[in-house]
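Notes follow the structure.
The model shown is predicted, which means the values in this text are computed figures rather than measured ones.
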Amino acid sequence: MKKLCSLVFFGCCAASYAAPQDNDALRREVEAWVRLQLATMPAATVKAGQLDSRLRLDGCALRDIQLAPGQRLLGNTQVRVRCVSGASWAVNLPVQISQDVAYYVAARPLPAGHALAATDLQLQRGDLAQLPGSVVLDPAQAVGRTLGSAISGGAPVRAEMLRAANVIRQGQRVKLVFRMDGIDVSNEGVALNNATEGQMVRVRFGATQIVQGVARADGTVDAAP
C-alpha cells in the first residue's frame with residue numbers, strides 16, 4: 001500500500017468558520033481523503049460513518065486528516081480529524097473500507113508436503129477486509145511450492161502455509177560440481193538431506209567421503225573445492 005500522506009483542507013473564507021462546523025461536510029471531506037489514499041486500488045469502496053448528531057464543533061479554518069494511530073486503510077477503521085486553525089478540537093470518524101479482490105483457495109483437500117500445481121488452486125472473489133492478511137492473490141506465489149500443513153478444500157491459501165519446493169531429496173543421486181581455477185569438475189554422489197534451492201546439502205560420494213555444497217534449481221550441487 002502506498003505511503004500515507006496527511007492532507008490539510010482549507011475553508012472557503014475567513015467568515016465561513018465563524019459558523020459551527022458542518023458535520024456532513026466533514027464526513028464528505030474524510031471520504032474524499034480516504035479515496036485519495038486508495039487511488040491505486042480502484043476496486044475499493046469507502047463509507048464514512050456519522051458523528052453523533054448532538055456533537056457541536058466550532059467552525060474551523062484548517063483541518064488535518066490522518067489515520068488514527070494503530071489503524072489501517074481496510075475494513076472498519078478510524079480517521080482522525082484535528083482542527084489546526086480557528087478552533088481547538090479533534091475527533092475520530094469511523095470509516096468502512098471494502099476492497100473486492102480475486103484470491104485463491106484449495107480446490108480440494110491437500111496434505112502437508114504436497115507440491116502445488118495450478119489445478120490445486122481455485123479462484124474466488126471476496127472482500128479483502130474479511131480475508132486473512134496473507135491470503136494468496138497471485139497464483140505465481142503458490143504454484144511450485146509445497147504445503148507446510150494440510151489444507152481443507154475451499155480454504156484460503158495463505159503465504160505462511162507455503163514452503164519452497166525441494167530441488168534435492170534425501171537419497172537422490174546428484175551431480176556434484178567442483179569449480180577450481182575456472183574449471184568445472186563433476187562427480188556423482190547421494191544426497192544425505194532434502195534441500196530447497198540455495199540451501200546447503202551434504203553429499204556422499206565414493207565409499208565414505210562426504211562433501212557439502214549449495215543446491216541449485218536444476219538439482220545439481222555446487223561443492224566447495
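Proximity of Val79 to Val34: side-chain heavy atoms (C-beta onward) are separated by under 4.5 Å at one or more points. In this structure, the side chains of Pro139 and Tyr104 come closer than 4.5 Å at one or more pairs of heavy atoms. Using a 4.5 Å heavy-atom threshold, the side chains of Val81 and Val30 count as touching. Put simply, the side chain of Val174 does not reach to within 4.5 Å of the side chain of Glu188, judged on heavy atoms. For the pair Val221/Val177, no side-chain contact is recorded, criterion being any heavy-atom separation below 4.5 Å from C-beta on. Side-chain contact between Gln99 and Leu74 is present, with at least one heavy-atom pair separated by less than 4.5 Å. The closest side-chain heavy-atom distance from Leu110 to Leu116 is below 4.5 Å. At least one side-chain heavy atom of Gln124 sits under 4.5 Å from a side-chain heavy atom of Gln122.
Connection of Leu137 to Leu131 is established within a shared hydrophobic cluster, with ILVMFWY side chains joined at heavy-atom distances below 4.5 Å, either directly or through further cluster members. Residues Tyr103 and Ile151 do not share a hydrophobic cluster, defined by chaining ILVMFWY side chains whose heavy atoms lie under 4.5 Å apart. Val136 is not connected to Val101 by any chain of hydrophobic side-chain contacts under 4.5 Å among Ile, Leu, Val, Met, Phe, Trp and Tyr, and they are in different clusters. Met161 and Val135 are assigned to two separate hydrophobic clusters, defined by single-linkage of ILVMFWY side chains at heavy-atom distances under 4.5 Å. Linking ILVMFWY residues whenever their side-chain heavy atoms come closer than 4.5 Å, directly or via other members, leaves Leu162 and Val167 in distinct clusters.
The two residues Ala164 and Thr196 have their closest heavy-atom pair at O-CG2, 3.2 Å. The two residues Phe205 and Gly189 have their closest heavy-atom pair at CB-CA, 3.9 Å.
The residue from Val190, Leu192, Val203 that alone fulfils the side chain to side chain contact (heavy atoms under 4.5 Å, CB included) condition with Ile210 is Leu192.
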Applying salt bridge (Lys or Arg N to Asp or Glu O under 4.0 Å), run through Glu29 and Arg63 and close with a yes or a no. CA-CA 10 Å; Glu29 288 175 354; Arg63 290 173 292 281; 2.8 Å; yes
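Glu31 meets the salt bridge (charged side-chain N to carboxylate O under 4.0 Å, His left out) test with Arg27, Arg35; sequence neighbours excluded. Applying the salt bridge (charged side-chain N to carboxylate O under 4.0 Å, His left out) criterion to Arg82, with sequence neighbours excluded, gives no partner residue.
Without hydrogens or angle criteria, Asn166 side chain to Ile168 main chain gives no donor-acceptor distance under 3.5 Å. In this structure, the side chain of Asp22 engages the main chain of Ala25 through a donor-acceptor pair within 3.5 Å.
Using a cutoff of 4.0 Å between basic side-chain nitrogens and carboxylate oxygens, Asp218 and Arg216 are not scored as salt-bridged.
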